[in-house]
Structures are given as structure tokens and as C-alpha cells.
Student: 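Sharing a structure with you now.
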Amino acid sequence: MSFRLTYATMYNPPEEMHARFEQALAAVRGRLGATHALYIDGKDAPASRTEDRASPIDNHLKLGKFPLAEAGEVDAAIGAAHRAFPAWRKTPLAGRVRLMRRAADIMEERVYEMAAALVLE
């Protein structure tokens, strides 16, 4: 990212920031109304129940259908976490740091998209 929003820059951000945000907002709006899955054991899993969610800024703006996990789905997620823990525990510190930095890099790459989603949420 070529620009960082800080308290020192927030009153005079570059035009690039506005353009990138508007582009991200259009992309997020294009995905509104989707049905979202649970994420269990490393893969998307359709939920047995979902709930429609609307934007609090405009209740006609349907954000999507979001999962309401039932007891069996929660048990499956907890079981997957328990099975994954021994490998994580054996992961050396350097490997954990690499994974955390990669997660941070992904968040930085998607910062405008996350901001756009939060604006609508």
C-alpha cells in the first residue's frame, strides 16, 4: 500500500485513497446478498440455518445470509480445532511468525475492502 492513513494525514488524504475506497465499495456492493458459509476444518461448510442481515444505515440494503451454527456444527468446529492444535503446538516460533506476518499482509492488501464492508455493516 502506498498510503497510510494516520492522524497526521486524515485531514488531507491523497486522491488515491478515495479512488481505492470507491473501487472497494463497488466490489463489496457487488457481493451483497450472498449466503455465507461456516468455516470448519479448513473448508467452507454450508450452515444448516442462516439469518438475513440488513445494513443498519439502510434496512433495504441486504448484506447477506449469515450462518447460525447449531450444536453439531459448533462441535465439529471445536473438534477440528482440537485436532489441529498438536501440529500448531509443534510449529516453531519462526513458522508461527511467518504465518502471522502473512495474515497481516493479507489484511493490509484488503484494507480498503474491509473498510468498505464495515461502512455498510
Side-chain angles (χ1 to χ4, degrees):
M1 179 182 330
S2 61
F3 172 75
R4 289 189 185 271
L5 183 62
T6 67
Y7 289 111
T9 63
M10 66 189 293
Y11 295 105
N12 190 23
E15 187 55 39
E16 173 198 356
M17 186 193 90
H18 297 292
R20 289 182 67 188
F21 178 77
E22 291 299 328
Q23 182 180 23
L25 186 58
V28 169
R29 284 183 180 274
R31 294 191 303 268
L32 291 179
T35 299
H36 300 275
L38 296 165
Y39 191 74
I40 300 174
D41 205 11
K43 56 188 175 294
D44 287 335
S48 44
R49 289 188 322 130
T50 60
E51 177 178 274
D52 289 330
R53 295 279 171 92
S55 172
I57 60 172
D58 177 358
N59 63 9
H60 293 89
L61 186 62
K62 301 303 179 199
L63 299 176
K65 293 178 181 280
F66 293 86
L68 298 173
E70 302 221 348
E73 294 160 331
V74 171
D75 290 343
I78 291 170
H82 280 286
R83 287 188 303 278
F85 181 70
W88 178 251
R89 181 176 38 205
K90 292 177 185 174
T91 302
L93 178 59
R96 292 180 189 201
V97 169
R98 264 193 310 280
L99 287 170
M100 291 287 125
R101 285 188 175 148
R102 179 64 185 131
D105 289 344
I106 291 169
M107 287 188 280
E108 188 169 346
E109 290 168 12
R110 297 179 184 173
V111 70
Y112 287 97
E113 191 174 331
M114 290 185 294
L118 288 171
V119 163
L120 296 175
E121 183 187 30

Student: If you look at every heavy atom in V119 and I57, which pair is closest and at what distance?
Tutor: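 Smallest interatomic distance, heavy atoms only, reads O-CD1, 3.8 Å.
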Student: Measuring from S55:OG to K62:NZ, what's the distance to the nearest 0.5 Å?
Tutor: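 The OG atom of S55 sits 10.0 Å away from the NZ atom of K62.
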Student: Enumerate, atom names and distances included, each donor-acceptor pair closer than 3.5 Å involving a side-chain atom of residues 29-37, sequence neighbours excluded.
Tutor:
| from | atom 1 | to | atom 2 | distance (Å) |
| --- | --- | --- | --- | --- |
| R31 | NH2 | E113 | OE2 | 2.3 |

Student: Which pair of non-hydrogen atoms, one from A116 and one from V28, has the smallest distance, and what is that distance?
Tutor: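 The answer is CB-CG2, 3.9 Å.
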Student: Does the side chain of Y39 reach to within under 4.5 Å of the side chain of D44, using non-hydrogen atoms?
Tutor: yes
Student: Please set out all donor-acceptor pairs under 3.5 angstrom arising from side-chain atoms of residues 93-100, sequence neighbours excluded.
Tutor:
| from | atom 1 | to | atom 2 | distance (Å) |
| --- | --- | --- | --- | --- |
| R96 | NE | W88 | O | 3.4 |
| R96 | NE | T91 | O | 3.2 |
| R96 | NH2 | W88 | O | 2.7 |
| R96 | NH2 | R89 | O | 3.3 |

Student: Indicate yes or no: does R49 engage E51 in a salt bridge with an N to O separation below 4.0 Å.
Tutor: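 No, no charged N to carboxylate O under 4.0 Å.
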Student: So, do R83 and D41 sit near enough that their side-chain heavy atoms are less than 4.5 Å apart?
Tutor: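 SC-SC contact between R83 and D41 confirmed.
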Student: Can you see which heavy atom on M114 is nearest to which on M107, and at what distance?
Tutor: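 Distance-wise, the nearest heavy atoms are CE-O, 3.0 Å.
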Student: For residues S48 and E70, report the shortest heavy-atom separation together with the two atoms involved.
Tutor: OG-CG, 3.4 Å
Student: Is there a donor-acceptor contact under 3.5 Å from the side chain of E22 to the main chain of A19?
Tutor: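 Not at all, since once roles are kept as given, no pair shorter than 3.5 Å links the two residues.
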Student: Where is the tightest heavy-atom contact between Y112 and F21, given as atom of each residue plus distance?
Tutor: CD2-N, 3.6 Å
Student: Working to the nearest 0.5 Å, report the span between NE2 of H18 and CD of Q23.
Tutor: 15.0 Å
Student: Are the side chains of L120 and L25 in touch, meaning some heavy atoms are under 4.5 Å apart?
Tutor: yes
Student: For I78, which fellow cluster members are found when Ile, Leu, Val, Met, Phe, Trp and Tyr are connected by side-chain heavy-atom distances below 4.5 angstrom, either directly or through intermediates?
Tutor: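 Besides I78, the cluster holds V74.
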Student: Do L38 and F66 belong to the same hydrophobic cluster, where Ile, Leu, Val, Met, Phe, Trp and Tyr are linked whenever their side-chain heavy atoms lie under 4.5 Å apart, directly or via other members?
Tutor: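 No; F66 is not reachable from L38 via cluster members.
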